[in-house]
Number of protein chains: 2
Amino acid sequence: MIFIGERINGGFKDIKRAIQEKDKSIIQHWAKIQTEAGADYLDVNMGAASNKVDDFIWMIEAVQETVETPISIDSNKLAFIESAIKVCKHPPIINSTTADKEKLDQLIPVAVEHNASLIGLCMDKKGAPQDVNQRVELGATIFSEAIDKGLSPDQIFLDPVTMPLKFLQPQAYHLIEAVRQFTLLSSPPPHIIVGLSNISSKASEMKLINRVFLIMCIEAGLDATICDVTDEELLNSAITTEIILNKHIYSDSYIKAYRESRRK
Amino acid sequence: MIFIGERINGGFKDIKRAIQEKDKSIIQHWAKIQTEAGADYLDVNMGAASNKVDDFIWMIEAVQETVETPISIDSNKLAFIESAIKVCKHPPIINSTTADKEKLDQLIPVAVEHNASLIGLCMDKKGAPQDVNQRVELGATIFSEAIDKGLSPDQIFLDPVTMPLKFLQPQAYHLIEAVRQFTLLSSPPPHIIVGLSNISSKASEMKLINRVFLIMCIEAGLDATICDVTDEELLNSAITTEIILNKHIYSDSYIKAYRESRRK
């Protein structure tokens, strides 16, 4: 599994305050905590806390002063992505493009130039996908454009767009079916990713729903998620799912062994 | 989901002692506890605690004095099953037949005569199944024999035979694939069941492995399990899986709502 820590996001009050007060310690606290918890990448997102590119660069540099964990550059602005990618010490993930031609034409070359990976959200200007087929069509568009322009399958993360179970219950199963079909796009397939927390948005049993949904998605072929990496039971559940799928060898200490194998 | 409580089994020391000392209170304690926890059936198995049919009948009658939960008659002896089925107040499940012709010829007519359901283990005299295809072939044999002789799909529970993850790691995924294929046998399909605890036999993370494996099996089409029904997180995980599969309508109190809808 590839775990991307979601916590350095201006949507959280402490991160918003850190950005506004230029307090690196909070950013660096979460960079360390998430890395120790098992994050393979750290998502960095300003949210509405600022609209200055300098603040975004400051966040990324604060992270990189503390840990070696690669960055997931989370912005929908090309200028922010282009500036951020230049300061990344390790090949980052760009989070994200949509399936719109304009976005793909802008972002794929940036990813190729910097040896970065790219998350492709299976949506476009017409809006969010409504069923399995729309997700698969949009995913195939992103995948084929990315391959044509020079990314390898290993650098492409398709995101079938998670929606809240509470409000759009049938979409959860559509998403799982889309994951299963994404695995057939190529051999090796692209990475498949979800922004996990969306599934339990406004729900009563958030951690339980996150955990069960992630297990189901991994069973269908998912291998990456942006999530609360500090939720130990969530990560242990994901690792156990991969053990049951025979992706790692069982030992009585399989959780510890997995975590140690990933330690930087 | 159909939950079958595994706890009234002579393999447990307290049940063994209860049988040997004819102490109904222990049997009845577990009958109540499991029913309150959400058991749809109570499995009754003597294990090696006795080989007398009278003791088996005594166990079933002890249960039926306390709760109205139907019985899962767990014995591999025809004489025991035939005696037990006559005292069952509600249509029971017979646990179990194999795919051997002799067993099918004996047990299917007993099930038909008493309006009972029948668990069919996908194994035969040659031994346990080694892959997906063997499971599917044996399952199809059991299913077609049972239909031919008068059971309905709703009375047939196919069991793809769970093996310990610790010792036979690849079998777990073979089993999940077999579950997925069983759903294609007919419309409506038969029930699909696993004896859950086998998956985590001798493993270090028993509850975690049970929970993750059950979620994966339900995602593939499983709708019944013999398990520790007192493991609240296990049952909540199973219910959540069915919510994500859109089998029940989401509400913030979906766990409570599910449990109340099943209360006898």
Side-chain angles (χ1 to χ4, degrees), chain A residues 162-177 179-180 194 199-222 232-258, chain B residues 162-177 179-180 194 199-222 232-258:
Chain A
T162 312
M163 299 170 186
L165 187 66
K166 176 166 183 162
F167 304 114
L168 293 160
Q169 191 179 351
Q171 293 298 328
Y173 190 55
H174 289 322
L175 182 146
I176 292 168
E177 283 307 303
V179 168
R180 206 178 302 283
V194 289
I199 191 71
S200 63
S201 178
K202 313 283 182 196
S204 55
E205 301 281 352
M206 298 178 75
K207 286 196 169 187
L208 175 62
I209 291 170
N210 287 345
R211 200 159 63 229
V212 172
F213 184 65
L214 182 60
I215 293 165
M216 296 168 81
C217 288
I218 296 171
E219 200 280 324
L222 183 118
E232 188 175 350
E233 202 176 335
L234 178 71
L235 268 61
N236 289 350
S237 295
I239 295 164
T240 302
T241 310
E242 292 202 330
I243 287 281
I244 291 174
L245 293 174
N246 208 20
K247 294 195 174 185
H248 319 287
I249 293 171
Y250 178 89
S251 72
D252 281 341
S253 55
Y254 69 90
I255 289 173
K256 191 161 160 265
Y258 178 91
Chain B
T162 312
M163 298 171 187
L165 186 65
K166 176 167 183 162
F167 304 114
L168 293 159
Q169 192 179 351
Q171 294 297 329
Y173 190 56
H174 290 322
L175 182 146
I176 293 169
E177 282 306 303
V179 169
R180 206 179 304 284
V194 289
I199 191 72
S200 63
S201 179
K202 312 282 182 198
S204 56
E205 300 281 353
M206 299 177 75
K207 286 196 170 188
L208 175 62
I209 291 170
N210 288 345
R211 200 159 62 229
V212 172
F213 185 65
L214 182 60
I215 292 166
M216 295 168 81
C217 288
I218 297 171
E219 200 280 323
L222 183 119
E232 189 175 348
E233 202 176 333
L234 179 71
L235 267 62
N236 289 350
S237 295
I239 296 164
T240 301
T241 310
E242 291 203 330
I243 287 281
I244 291 174
L245 292 174
N246 208 20
K247 293 195 175 184
H248 318 289
I249 293 170
Y250 178 89
S251 71
D252 280 341
S253 55
Y254 69 89
I255 290 173
K256 191 161 160 265
Y258 178 92

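Per chain, numbering begins at 1; letters A, B, ... match sequence-line order.
- Interface remark: of the candidates A/Leu175, A/Ile249, A/Ile199, A/Ile249 forms the most heavy-atom pairs closer than 4.5 Å to chain B.
- Taking each heavy atom of B/Ile209 and A/Ile244 in turn, the nearest pair found is O-CD1, 4.1 Å.
- Taking A/Ser253 as the reference, A/Ser251, A/Lys256 meet the side-chain contact (heavy atoms from CB on, under 4.5 Å) condition, with sequence neighbours excluded.
- The part of A/Ile255 that comes within reach of chain B is its side chain, from C-beta onward, which places non-hydrogen atoms under 4.5 angstrom from that chain.
- Heavy atoms only, all atoms of each residue included: B/Ser204 and A/Tyr250 are closest at N-OH, 3.4 Å.
- With a 4.5 Å cut-off on non-hydrogen atoms, A/Ile243 touches chain B through its backbone and its side chain both.
- When every heavy atom of A/His248 is checked against every heavy atom of B/Gln169, the shortest pair comes out as O-NE2, 2.6 Å.
- Judged as a salt bridge (Lys or Arg N to Asp or Glu O under 4.0 Å), the pairs with a partner in residues 165-174 of chain B (not counting sequence neighbours) are, in order, A/Asp252-B/Lys166.
- Each of A/Val212, A/Thr240, A/Leu214 was evaluated against B/Ile215; a single residue qualifies, A/Val212, per the side-chain contact (heavy atoms from CB on, under 4.5 Å) test.
- Proximity to chain A is absent for every atom of B/Ile218, based on heavy atoms less than 4.5 angstrom apart.
- Among A/Glu233, A/Lys202, A/Glu219, the residue with the largest count of heavy-atom pairs under 4.5 Å with chain B is A/Glu219.
- Neither the backbone nor the side chain of A/His174 comes within less than 4.5 Å of any heavy atom in chain B.
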